[in-house]
Amino acid sequence: MASTVAVENLNPKVLKCEYAVRGEIVIHAQRLQQQLQTQPGSLPFDEILYCNIGNPQSLGQQPVTFFREVLALCDHPYLLQRDEIKSLFSADSISRAKQILALIPGKATGAYSHSQGIKGLRDTIAAGITSRDGFPANADDIFLTDGASPGVHLMMQLLIRNEKDGILVPIPQYPLYSASIALHGGALVPYYLNESTGWGLEISDVKKQLEDARSKGIDVRALVVINPGNPTGQVLAEENQYDIVKFCKNEGLVLLADEVYQENIYVDNKKFHSFKKIVRSLGYGEEDLPLVSYQSVSKGYYGECGKRGGYMEITGFSAPVREQIYKIASVNLCSNISGQILASLIMNPPKAGDESYASYKAEKDGIIASLTRRAKSLEDAFNKLDGITCNEAEGAMYLFPQLSLPQKAIEAAKVANKAPDAFYALCLLESTGIVVVPGSGFGQVPGTWHFRCTILPQEEKIPAIISRFKVFHEAFMVEYHE
Amino acid sequence: MGRKGLDYEDLNENVKKVQYAVRGELYLRASELQKEGKRIIFTNVGNPHALGQKPLTFPRQVVALCQAPFLLDDPNVGLIFPADAIARAKHYLAMAPGGLGAYSDSRGIPGVRKEVAEFIRRRDGYPSDPELIYLTDGASKGVMQMLNAIIRNGRDGILVPVPQYPLYSAAISLFGGSLVPYYLDEEANWGLDLVNTRQSVAAARSNGITVRAMVIINPGNPTGQCLSEANLREILNFCYQENLVLLADEVYQQNVYQDERPFISARKVLFDMGGPISREVQLISFHTVSKGYWGECGQRGGYFEMTNIPPKTVDEIYKVASIALSPNVPGQIFMGLMMNPPKPGDISYLKFATESKSILDSLRRRAQIMTDGFNSCRNVVCNFTEGAMYSFPQIRLPQRAMDTARSAGKEPDVFYCLKLLEATGISTVPGSGFGQKEGVFHLRTTILPAEEDMPAIMSSFKKFNDSFMEQYQDYSKL
């Protein structure tokens with residue numbers, strides 16, 4: 001009997017899509033990790049160091065105490081009736097939990113909510129956006145999702161009708177974009193970020209790519225911008241953002257603004273400006289530009305990846321289109337309630353004067369300061385090595401160094417049937433246990449090679465990582481020396 | 001470029017085709033009325049906690065401790081948490097490096113998947129492989145992933161029961177496939193009619209459709225019927241003969257209100273059958289924390305288990321799961337707890353067992369109250385709710401009502417349900433949202449309103465129904 005779900009009978013779009021962040025290298029690393037457990041001492045290292053994924057708490061980053069206090073009380077509201085909690089929880093976390101529960105019909109955190117998320121929590125988020133931007137946000141424009149990724153999928157589903165519908169995506173990009181475009185059967189229209197100018201975005205380049213695609217019969221529907229960038233870490237200059245917005249308006253594109261790293265900024269000379277703020281600062285209203293802005297609880301200083309909390313704010317869409325967005329969201333009923341609560345907390349954290357403010361601020365500042373130091377240490381270390389150049393990580397959680405690989409290495413990679421940067425990453429893994437993601441997983445200018453390494457390993461491990469990496473890299477370059 | 005922004009005309013046609021009545025017109029109207037101050041009883045979705053069912057205590061204690069592990073370090077924690085909840089929280093935190101805040105393995109925490117496999121082994125008497133169990137953000141995400149993997153184009157058909165839970169029709173529309181209906185037999189308590197099913201398949205094939213999979217919902221939604229072992233054997237043989245993947249939605253397996261047909265999993269029957277069929281029929285089984293007596297809809301915890309799926313296909317399914325990074329970790333812990341609940345001898349066992357039994361016993365009583373209440377109306381015929389959480393009465397409408405509905409641009413059952421809503425505040429879902437035979441009308445309501453509210457709800461319904469019938473009575477027949 002021929003198998004109906006044999007690989008050859010699967011949806012070709014599923015077969016086509018790829019996602020390197022948890023791809024081949026990572027699967028191999030997991031095998032090696034098993035090997036370390038069953039045969040200790042059998043490898044030249046004694047632990048696997050996962051630098052492949054923006055998953056801070058898996059590497060020891062602590063959650064923000066206030067947020068967890070509130071979430072625990074919302075998970076088990078019965079606690080609020082017990083006097084003993086006064087010695088276990090801060091007073092303001094108790095009052096915040098009560099306030100949040102009052103927003104939930106019946107205080108039932110186990111019930112499906114409104115498909116856009118609990119109204120009161122959306123009000124809180126809207127107020128947070130308003131206070132951040134100085135321009136009003138509306139609870140009805142907010143859709144709470146299980147992480148930001150489902151919101152990206154939803155828009156791709158909406159926008160892509162067939163393989164002739166194109167989405168402009170920065171290269172290098174976070175491969176959720178390439179994967180979701182492939183999965184929904186569209187065309188990825190790349191626009192290259194300029195490595196020599198700190199991964200800058202040139203509107204003239206974007207326009208050229210747009211026109212090129214159109215001349216090939218592609219109907220370009222949207223522009224994705226990731227700010228701060230992933231894997232590249234650059235924070236867009238405000239003028240750049242104005243250009244992008246005007247460009248989208250003139251070309252009739254939907255602007256998809258991935259802003260999940262908005263609270264990861266490590267340089268003093270750059271600030272995060274939301275695209276919503278930029279759009280409104282230009283005097284553009286609901287009639288002028290469709291914009292989807294994504295935020296997540298997974299990043300920032302909170303790093304709550306496992307909670308799957310996030311939202312998209314949709315503005316500039318007509319009522320019939322909004323109804324379709326709502327309809328698709330409703331098929332999944334709603335996102336997880338705990339994640340919704342957390343999304344409201346990150347957009348409305350403790351303020352000066354609150355009991356928990358001092359400890360909250362210390363935790364937050366500590367995490368950001370540490371990320372800033374780690375970004376710098378790793379960047380400097382990479383730049384010291386011959387054959388590696390590394391742009392500064394202005395924001396996000398990654399470094400994306402460029403490798404100048406000798407021809408012999410490139411040939412060895414070919415023999416091994418791997419992209420040169422994948423070959424390098426595999427050798428790195430097998431010598432040192434360090435897991436990075438090859439640049440080919442993100443896209444890069446053809447003929448250039450990179451890898452993405454997170455800045456997340458604990459600070460005390462960084463020197464060891466740097467020295468192990470150095471030993472490996474120098475040996476690699478000697479081995480494949482022309 | 002002339003386009004201004006994004007117009008409705010420019011959207012993906014498949015998106016426009018999607019319908020999901022559970023949160024459609026009736027629900028939106030009910031929400032509007034609620035905003036205007038009307039008291040609404042939402043019986044449109046299986047959402048127990050929204051209607052007053054309390055969460056079970058033990059899981060909430062465990063997850064709260066996992067959420068705030070600093071509690072575990074406090075000497076006073078034992079004052080408000082029982083020792084076994086504390087131990088269990090430590091058990092899950094040990095399984096999840098980085099705790100609740102880290103992405104887990106994209107398939108779910110291995111330790112939790114082991115607990116799921118153990119549950120399946122205990123339930124069915126056959127071993128289960130944790131590597132083939134994937135945790136998801138609710139069962140619906142797993143269903144979507146599977147259908148997306150199977151459906152290549154419009155000529156790929158999926159056999160779906162009618163009436164069905166409209167996630168299936170919505171997903172098939174979204175992924176551009178073809179829904180191949182097989183009608184359940186209302187006169188035989190919504191029983192399976194394999195003759196009809198074979199006819200559907202033949203008709204689809206003659207239209208150039210490749211039928212790829214068969215969905216069964218057991219216990220049924222909206223219909224509640226529980227499949228017998230003989231039914232399941234028939235279905236598995238059928239899938240074997242016709243080369244179909246069986247998608248077994250078993251989310252209501254703990255909601256069974258009669259004793260003649262207890263729940264048996266499709267997997268157990270498959271393995272009982274033995275021989276080549278047990279090694280070749282491809283099966284995906286779905287479960288959730290949203291239903292049963294847990295009713296933890298808001299946690300979005302679910303899993304699917306793959307049986308006889310080729311390894312390369314499993315790799316592709318893993319790849320798609322990895323794009324979503326990981327299911328939410330608290331939901332995974334709820335699933336672990338459901339699969340591995342307190343046992344006799346545990347400190348929390350008595351309370352847990354009492355809470356659980358009370359909910360299930362009450363659901364059983366409410367299933368009966370509702371069925372009887374509907375059947376006491378002259379023009380209403382309601383099959384008994386053997387399982388799940390719904391009642392799906394057939395409403396016989398007079399011709400004048402149907403004509404009035406149609407001239408108002410509405411399906412008769414939508415019209416009836418809107419009138420019911422406006423008169424009583426009871427928010428139901430019209431049968432057309434689930435599929436039904438031409439000219440036969442139903443509505444779906446849940447059996448979830450609090451037991452003490454049931455008599456009032458049923459009498460409110462009866463009062464409305466009788467006055468509706470009075471109003472639209474066919475006088476020519478008198």
Side-chain angles (χ1 to χ4, degrees), chain A residues 1-7 10-12 14-15 19 22 55 57-58 63 68-69 71-72 75-76 79 82 84 87-88 105-106 108-112 115 146 149 157-158 160-161 176 179 251-252 254 290 303-308 316-318 320-321 324 327-328 330-332 336-339, chain B residues 1 3-6 8 11-12 15 18 20 23 45 47 49-50 55 60-61 63-64 67-68 71 74 76 79-80 97-104 106 137 140 148-152 167 170 212 243 245 280 282 295-300 309-310 312-313 316 320 322-324 328-331:
Chain A
M1 172 176 119
S3 160
T4 192
V5 285
V7 129
L10 293 181
N11 180 355
V14 164
L15 298 175
Y19 185 70
R22 278 201 160 166
N55 195 10
Q57 294 190 30
S58 75
R68 292 301 191 92
E69 288 179 295
L71 288 171
D75 273 338
H76 189 38
L79 291 171
R82 300 288 297 260
E84 294 94 328
S87 65
L88 291 164
T109 53
Y112 293 126
S115 293
D146 289 304
S149 302
Q157 222 154 40
L158 202 75
I160 297 171
R161 295 162 296 186
L176 165 66
E251 301 293 346
V254 177
E304 295 274 24
C305 302
K307 299 300 181 60
R308 311 320 273 118
F317 292 88
S318 65
V321 173
Q324 295 300 309
K327 182 179 72 176
I328 298 299
S330 77
V331 176
N332 193 52
N336 84 80
I337 306 301
S338 185
Chain B
M1 195 85 224
R3 172 190 297 140
K4 191 176 179 286
L6 178 67
Y8 178 79
L11 297 182
N12 180 357
V15 164
V18 167
Y20 186 68
R23 282 214 161 157
V45 65
N47 198 9
H49 294 200
R60 292 305 188 97
Q61 291 171 325
V63 175
Q67 196 77 264
L71 291 171
D74 194 300
N76 291 325
L79 292 174
I80 52 174
L100 265 53
Y103 294 126
S104 71
S106 297
D137 284 310
S140 300
N148 189 36
I150 293 169
I151 296 171
R152 294 164 298 187
L167 165 68
R212 304 286 306 279
N243 200 15
V245 182
E280 292 179 37
Q282 295 175 328
E296 292 277 12
C297 302
Q299 311 300 343
R300 312 319 270 119
I309 304 295
K312 287 212 178 100
T313 300
E316 292 296 324
V320 173
S322 76
I323 300 169
N328 89 77
V329 177

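Here is how names work: the chains are called A, B, and so on, in the same order as the sequence lines, proteins then strands, and each is numbered from 1.
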Please check this pair: side chain of A:Lys327 against backbone of B:Val15, looking for a donor-acceptor N/O pair closer than 3.5 Å. yes
When only pairs under 4.5 Å are counted, which of A:Ser115, A:Ser338, A:Pro105 shares the most heavy-atom pairs with chain B? A:Ser115
Heavy-atom distance under 4.5 Å to chain A: side chain of B:Ala324, backbone, both or neither? backbone
side-chain contact (heavy atoms from CB on, under 4.5 Å) with B:Asp137: which residues, sequence neighbours excluded? A:Asp146, A:Arg308, B:Lys141, B:Arg300, B:Pro327, B:Asn328
Donor-acceptor pair, side chain of A:Glu84 and main chain of B:Asn76, under 3.5 angstrom: no
With a 4.5 Å cut-off on heavy-atom pairs, point out which of A:Val14, A:Leu79, A:Ile337 contacts chain B the most. A:Val14
Measure from the side-chain N and O atoms of A:Ser330 to the backbone N and O of B:Arg23, and report whether any donor-acceptor pair falls under 3.5 Å. no
Contact part of B:Ile151 toward chain A, heavy-atom cut-off under 4.5 Å: side chain, backbone, both or neither? backbone
Check whether B:Leu71 gets within reach of chain A through its side chain, its backbone, both or neither, counting any heavy atom under 4.5 Å. side chain
Residue part contacting chain A, namely of B:Ser104, when any heavy atom lies under 4.5 Å: backbone
Any donor-acceptor pair under 3.5 Å from A:Asp75 side chain to B:Arg60 backbone: no
Taking ring-ring contact (aromatic ring centres under 6.0 Å, His included) as the definition, give me every residue that meets it alongside A:His76, ordered by chain and number, with sequence neighbours left out. A:Tyr78
